[in-house]
Colleague: 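I'd like to ask you about the structure that follows.
Just the heavy atoms: all of them, side chains too, but no hydrogens, waters or symmetry mates, feed the values below.
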Amino acid sequence: MKSAALLSAGALVSPALLAAPTQYIGLQLYTVRDAMQQDPTGTLAKVAQLGYNSVEGATYTGTQKFYGMEPAAFAKTLKQHGLIMPSSHYVLGMAENQGKPVQGTILHGWDKAVDDAAQVGIKYMVCAYLQESERGNLDQYKRLAEALNKAGQRCKKAGIQLCYHNHDFEFVAQDGKLPYDILLKQTDKDLLKMELDLYWASKAGHDPVTLFQQNPGRFPLWHMKDMDKTEKHDFTEVGNGSIDFKKIYAQRKLAGLQYFFVEQDRTPGSPFDSIRSSISYIKGTLL
C-alpha cells in the first residue's frame with residue numbers, strides 16, 4: 001500500500017502507470033546535478049512538481065553524505081516531497097585521492113556505504129562507472145567480477161541488490177570477447193544485476209531487447225536516455241531521438257524491470273525543461 005505522501009505525488013501519474021510493473025517515474029539526479037549542489041531541497045521539490053515520484057542518487061561516497069545531508073535527514077527530505085530513492089550510484093574506488101583510498105566506495109569502506117543506504121531506504125546500490133585506470137584487459141574484468149560478487153554479498157545481508165551500470169566501453173571486444181559478457185557470466189546472477197543504460201548500449205550497437213532475451217530477469221533498472229539523430233549521436237530528451245522506447249518497454253517483464261530513471265547527461269538549456277519534455281513523452285506514449 002502506498003503511503004499518503006506517495007499518493008499525493010501519484011496524483012500526477014497516469015492510471016496506466018499503476019498497472020505497469022513499476023508504478024514510479026524516476027529521475028537520475030545527475031541530470032540536475034548543478035541544481036542539487038546549490039539547493040538540494042528546492043531541486044527535489046521541482047522534480048516532484050514535474051511529476052517524478054522517484055529519484056536515483058548520483059555518485060555517493062562515505063565522505064559526501066547525501067547531498068550534504070546525513071542519511072536520516074535526506075530520507076526525511078525525500079518523504080516531504082513524496083519521493084523515494086530506491087537506487088543510488090557508487091564508485092568502485094580503485095582510484096585514489098592524494099594517495100589514499102576513497103572511503104565509502106565499493107572497494108573501501110563499503111560497510112558504511114551499505115549501512116547509510118539502508119537508512120535512506122535504497123534497494124539497489126549501483127556501480128556507476130569505471131575510470132580508465134580501473135578497466136584494463138579481460139583479466140582485470142574477471143577480478144572486477146570477483147570484487148562485485150563480494151560487494152553483492154554484503155549488500156544482500158542488508159536486503160539490498162547490487163547492480164552494474166554500463167557505458168559503451170564494456171561493449172568493445174577484447175580477444176573476441178566483450179567485457180560486458182565477462183561481468184554477466186563471471187558474477188552470480190543473484191548477487192549482481194544490471195542497470196541497462198539504453199543510450200550507451202544502443203550507441204555501442206547492441207539491441208537492449210536482445211540483451212533481455214539472452215539474460216532474462218537480469219535488468220531490474222534502466223536509464224531512459226535518448227540518442228539524437230545527428231552524426232554526433234548526442235544526448236537528447238526521451239522521445240526526441242532515435243531509440244525505440246516502445247519496443248524496448250514492451251519487453252519490460254522479460255528484462256525484470258522494477259524501476260527506470262530518466263537521465264540526460266547534457267541538456268541544450270535548462271535541465272528542468274528537458275526533464276519536463278521527457279516525462280511528457282513517457283506519460284503520453286509508454287504508460
Colleague: If you count the non-hydrogen atoms of other residues, nucleotides and ligands that lie under 6.0 Å from NZ in Lys123, is the total more than 12?
Modeller: no
Colleague: Would you say the rings of Trp110 and Tyr90 are close, in the sense that their centroids are separated by under 6.0 Å?
Modeller: yes
Colleague: Do Phe169 and Leu178 share a hydrophobic cluster, counting only Ile, Leu, Val, Met, Phe, Trp and Tyr and linking them when any side-chain heavy atoms are less than 4.5 Å apart?
Modeller: yes
Colleague: Between Phe272 and Lys46, is there a cation-pi geometry (under 6.0 Å to ring centre, at most 45° from the normal)?
Modeller: yes
Colleague: Under the side chain to side chain contact (heavy atoms under 4.5 Å, CB included) rule, collect the residues that match up with Asp207, sequence neighbours excluded.
Modeller: Val209, Thr210, Lys247
Colleague: Look at the rings of His89 and His223 and say which category their plane angle falls in: under 30° parallel, 30 to 60° tilted, over 60° perpendicular.
Modeller: parallel
Colleague: Run the side chain to side chain contact (heavy atoms under 4.5 Å, CB included) test against Thr236 and tell me which residues pass, sequence neighbours left out.
Modeller: Asp226, Asp228, Asn240
Colleague: For residues 126-134, run the donor-acceptor check on the side chains, cut-off 3.5 Å, and write out each pair with its distance to 0.1 Å, sequence neighbours left out.
Modeller:
from: Tyr129; atom 1: OH; to: Arg135; atom 2: NH2; distance (Å): 2.8
from: Glu134; atom 1: OE1; to: Gln131; atom 2: N; distance (Å): 2.9
from: Glu134; atom 1: OE2; to: Met94; atom 2: N; distance (Å): 3.0
from: Glu134; atom 1: OE2; to: Ala95; atom 2: N; distance (Å): 3.2

Colleague: Is it true that Arg154 and Asp115 have a side-chain N and a carboxylate O under 4.0 angstrom from each other?
Modeller: yes
Colleague: Would you please classify the geometry between the Phe235 ring and the Trp200 ring as parallel, tilted or perpendicular, with 30° and 60° separating the classes?
Modeller: perpendicular
Colleague: Salt bridge (Lys or Arg N to Asp or Glu O under 4.0 Å) between Asp116 and Lys112: does it pass, once the steps are laid out?
Modeller: CA-CA 6 Å; Asp116 286 353; Lys112 173 174 171 49; 3.0 Å; yes
Colleague: Considering residues, nucleotides and ligands other than Gln119, do more than 12 of their heavy atoms fall under 6.0 Å from its CD?
Modeller: yes
Colleague: Between Phe245 and Trp222, is the gap from one ring center to the other below 6.0 Å?
Modeller: no
